[in-house]
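To start, the structure itself, in structure tokens.
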There are 2 protein chains.
Amino acid sequence: MADIKAEYLACPIRQVISRFGDKWSLLVLFLLNRSDTGVLRFNEMRRFMTDCSQKMLSQTLKNLEQSHLVHREVFPEVPPRVEYSLTETGRSLMPVLLALIEWGKEHFDEVVTD
Amino acid sequence: MADIKAEYLACPIRQVISRFGDKWSLLVLFLLNRSDTGVLRFNEMRRFMTDCSQKMLSQTLKNLEQSHLVHREVFPEVPPRVEYSLTETGRSLMPVLLALIEWGKEHFDEVVTD
DNA sequence: CACAATTCCTACTTTTTGGTAACTATGTCA
DNA sequence: TGACATAGTTACCAAAAAGTAGGAATTGTG
């Protein structure tokens, strides 16, 4: 115990979690994982996230793309088409996230009491 | 896909994750899990979290206690002694969190590039 | 009596995050 | 011509989170 450097242990995992621990990222990842085709367009997601503003969805997707969890593909058409999907890294995260969601469902009542 | 209600799916899990997805909670849980005795005092934790202010540690512990993830026991001594430990619910969360931490360690370089 | 140790709390300020609304570009359809 | 659709961006504002600095309570010790 005495030889644990908290800074060392805390920082890496915090940096990782901060990539998808915000208000909307998890939902985006979850929706992309759920999609039949593995692909979703901007406004398609918007329809599932009615209380998320355009700005926040855009920002969230940009962050996830920068973290290499989501792949963004632009088709040079008019009107523009942009397709989002999970990267390999993003897919590898899903089992862990789904386990977390399962835990959440199971223990919701114990944890969220107010 | 078409029958997923985003509000329904998003809210519960977000509420759960918000209980330990903040800046310090994960570290507290991790430290308590790591402790030999399963118990840590306030200033003991402080020594491992040098960049966390007193206020934030206090606040974090209060939140974790309210979420029934951490147990707080006060001993009526002078100077006061307060011991923190994981609850049963808290302990049940640890395997999931450790898996997340493992994923984080493995994929850190892919995700954190800036 | 002053001080130290322990576990906080409170007021104040700064930083980060999120929301609203308006704007852009471009080609299609009526 | 002008409204529509898509995938955003930008400016501005409000709210929430976090940091700083100081105080409070208790009581045994020098």
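Order of the sequence lines sets the chain letters (A, B, ...), proteins ahead of strands, with each chain counted from 1. Only a predicted model underlies this, so the values are computations on that prediction, with no experimental measurement involved.
- An angle of 30°, rounded to 10°, separates the two end axes of the helix from C:dC1-D:dG30 to C:dA30-D:dT1, each defined over five pairs.
- Ion pair B:Glu102/B:Lys105 flagged as a salt bridge, since at least one NZ, NE, NH1 or NH2 atom sits closer than 4.0 Å to an Asp/Glu carboxylate oxygen.
- Across the protein-nucleic acid pair, B:Lys62 atom NZ and C:dT10 atom C1' stand 11 Å apart, rounded to whole Å.
- Atom pair A:Met56:CE and D:dA14:P shows a separation of 18 Å (rounding to whole Å applied).
- A close approach under 4.0 Å does occur between a side-chain nitrogen or oxygen of B:Arg41 and OP1 or OP2 of C:dT7.
- Remark: A:Ser53 engages A:Lys55, A:Met56 in a side-chain contact (heavy atoms from CB on, under 4.5 Å) (not counting sequence neighbours).
- For the pair A:Arg14 CZ and C:dT16 C1', the interatomic distance rounds to 15 Å; values are reported in whole Å.
- When the P atom of D:dA18 is taken as reference, atom CG of B:Asn63 falls 9 Å away, rounded to whole Å.
- Between A:Cys52 and A:Pro79, it is A:Cys52 whose nearest contact on DNA chain C lies nearer the 5' terminus.
- Protein atom NZ of B:Lys55 is 11 Å distant from nucleotide atom P of C:dC9, rounded to whole Å.
- Each of B:Gln59 and B:Pro80 lies near DNA chain C, and the nucleotide nearest B:Pro80 is the one positioned closer to the 5' end.
- Look at B:Asn43 and you'll find a side-chain N or O under 4.0 angstrom from OP1 or OP2 of C:dT7.
- Taking each heavy atom of A:Leu69 and A:Leu93 in turn, the nearest pair found is CD2-CD2, 4.3 Å.
- In this model, no side-chain donor or acceptor of A:Lys23 finds a partner on the base of C:dG18 within 3.5 Å.
- Judged by distance alone, the side chain of A:Ser67 and the main-chain N or O of A:Leu64 form no donor-acceptor pair under 3.5 Å.
- Rounded to a whole Å, the CG atom of B:Leu57 is 11 Å from the P atom of C:dC9.
- Taking atom CG of B:Leu27 as the reference point, atom C1' of D:dA18 lies 16 Å away to the nearest angstrom.
- For A:His71, the side-chain contact (heavy atoms from CB on, under 4.5 Å) partners two or more places apart in sequence, or in a different chain, are A:Glu73, A:Ser85, A:Thr87.
- Proximity of a side-chain donor or acceptor of A:Arg72 to a complementary backbone N or O of A:Val82 within less than 3.5 Å is not detected.
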